[in-house]
2 protein chains.
Amino acid sequence: MSGRWGERGPGKRWHREFRGGGYRITIPRQIILQVLDESKKHLSAEDIFLKVHQIYPTIGLTTVYRTLELLVGMGLVFKFDFGDGRARYELCRGDDSSSHHHHLVCTNCGRIIDYAEFIEEELELINKTKQELEKKYGFEIRNHTLQFYGLCKRCKAIKE
Amino acid sequence: MSGRWGERGPGKRWHREFRGGGYRITIPRQIILQVLDESKKHLSAEDIFLKVHQIYPTIGLTTVYRTLELLVGMGLVFKFDFGDGRARYELCRGDDSSSHHHHLVCTNCGRIIDYAEFIEEELELINKTKQELEKKYGFEIRNHTLQFYGLCKRCKAIKE
DNA sequence: TTCCTTATTGATAATCATTTTCAATAATAT
DNA sequence: ATATTATTGAAAATGATTATCAATAAGGAA
Ligand SMILES: [Mn+2]
Ligand SMILES: [Mn+2]
Ligand SMILES: [Zn+2]
Ligand SMILES: [Zn+2]
């Protein structure tokens with residue numbers, strides 16, 4: 001094991017991206033990526049800061065925000081808004097449909113469920129739509145979000 | 001014409017909803033709905049406040065926020081986040097597919113384009129997904145958002 | 001209408017996630 | 001090792017949204 005993630009893993013991928021973009025590979029950036037990689041949840045900047053802080057206490061919250069913005073800009077991290085006033089971040093794990101998923105958001109308690117039902121069909125439609133929109137509006141589409149809002153099982157039960 | 005919107009129009013619909021929910025029909029609420037109805041854009045709370053202010057200058061920004069929250073909760077208004085740090089609001093114009101649309105967001109300049117390509121097919125897929133998710137997770141789904149992010153024609157050109 | 005109850009309002013202050021500033025530090029090329 | 005400059009972290013600033021609370025007005029009853 002040479003890097004923080006071993007020979008394979010997410011390391012290699014972004015390593016090149018950083019170098020190509022003229023960005024330096026720093027300890028804060030490595031640790032933030034590590035934390036994102038080890039977590040499957042949808043972390044807020046502060047969630048990430050707290051985990052990062054346990055590994056390397058001198059890293060500041062500002063750096064977490066800056067790094068996340070950088071990673072989002074590079075397309076390595078997704079940024080979501082689930083309506084609770086803080087952004088959520090999730091490592092982008094490649095373009096394979098195995099990691100592609102969307103979200104179900106409970107507007108009452110904030111619970112988030114990842115789902116991947118009908119993803120194949122969805123990707124088909126998304127791609128068709130994407131091509132049409134790129135042709136029609138000259139837009140260069142980079143990514144998309146699809147979210148369902150409603151009441152989770154528990155909250156639905158509470159309200160009868 | 002008896003009401004602010006005539007006999008038909010959006011008036012009737014929410015009028016019942018308000019009464020049913022025990023909410024009072026006040027001048028600020030009427031004017032905020034009027035402004036939303038007259039605008040086709042995606043207005044921020046402050047945009048709405050400024051328009052409301054021209055019609056009835058004593059209405060405060062706080063009331064605009066509160067009313068919007070109420071309308072969103074009632075399902076009469078959609079609330080969006082396009083990533084520029086402020087929420088955007090749009091009047092919900094019925095369930096007919098003629099008004100159903102989604103958004104293309106330029107991550108560089110913030111331009112928003114409404115689109116409705118392949119909406120029929122999308123609704124089919126959405127409904128199928130919705131049913132499956134409701135069955136599988138016990139979620140009661142109320143609505144959904146689908147957004148594409150990328151570079152608009154102009155921004156793409158600027159970056160060669 | 002007039003009176004009562006209480007939902008609603010608006011000015012103000014408070015909150016709090018995210019940005020900005022800027023001097024100190026550390027990553028890379030030579 | 002040295003020079004260059006991207007990056008960092010502490011602190012202060014920003015800015016959208018929310019909480020407070022006394023004053024007001026909508027809707028029902030009389
Ligand atoms: Mn997820
Ligand atoms: Mn729209
Ligand atoms: Zn819930
Ligand atoms: Zn643009």
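In the text below, chain A, chain B and the rest are named by the order of the sequence lines, each starting its count at 1.
- Taking atom CD1 of B/I32 as the reference point, atom C1' of C/dT8 lies 12 Å away to the nearest angstrom.
- Residue-level contact check: A/R86 touches the backbone only, with heavy atoms under 4.0 Å from sugar-phosphate atoms and none from bases.
- B/D114 has no carboxylate O lying under 4.0 Å from a charged side-chain N of B/K40, or vice versa, which leaves the two without a salt bridge.
- Out of C/dT18, D/dT17, D/dG9, the shortest distance to the side chain of B/A45 is found at D/dT17.
- Within the cation-pi definition used here (under 6.0 Å to the ring centroid, within 45° of the axis), B/K128 qualifies as a partner of A/F118.
- Look at CZ on B/F49: it is 14 Å from P on C/dT9, rounded to the nearest Å.
- The distance between atom CG of B/L68 and atom P of D/dT18, rounded to the nearest whole Å, is 10 Å.
- Closest to the side chain of B/Y65, from the set C/dT19, C/dT9, D/dT17, is D/dT17.
- The residues A/D81 and A/R86 are annotated as not salt-bridged, no charged nitrogen and carboxylate oxygen being separated by less than 4.0 angstrom.
- The nearest whole Å value for the distance from the CD1 atom in A/I27 to the P atom in D/dA6 is 20 Å.
- What separates CD1 of B/I59 from P of D/dA25 is a distance of 12 Å, to the nearest Å.
- Contact annotation: A/R66 side-chain N/O to C/dT20 OP1/OP2 distance is not under 4.0 Å.
- Taking both residues in full, the closest heavy atoms of A/H103 and A/I112 are given as CD2-CG2, 3.8 Å, listed atom of the first, atom of the second, then distance.
- In this structure, A/T58 reaches the sugar-phosphate backbone alone: every heavy-atom distance under 4.0 Å involves primed, P, OP1 or OP2 atoms, never a base.
- Looking at every heavy atom in both residues, A/N108 comes nearest to A/C155 through OD1-SG, 3.2 Å.
- Look at CG on B/L43: it is 13 Å from P on D/dT17, rounded to the nearest Å.
- An OP1 or OP2 oxygen of D/dT8 is reached within less than 4.0 angstrom by a side-chain nitrogen or oxygen of A/R29.
- Distance CG (B/D84) to C1' (C/dT19): 15 Å, rounded to an integer number of Å.
- For B/R19, the side-chain atoms get nearest to D/dG27 when compared with the rest of D/dG27, C/dT28, C/dA27.
- OP1 or OP2 of D/dT8 has not a single side-chain nitrogen or oxygen of A/R24 nearer than 4.0 Å.
- Taking the side chain of B/L61 as heavy atoms from C-beta on, and the options C/dT28, D/dG9, D/dT17, the nearest nucleotide is D/dT17.
- Residues B/T26 and B/T62 both approach DNA chain D. Their nearest nucleotides, taken by heavy-atom distance, put B/T62 toward the 5′ side.
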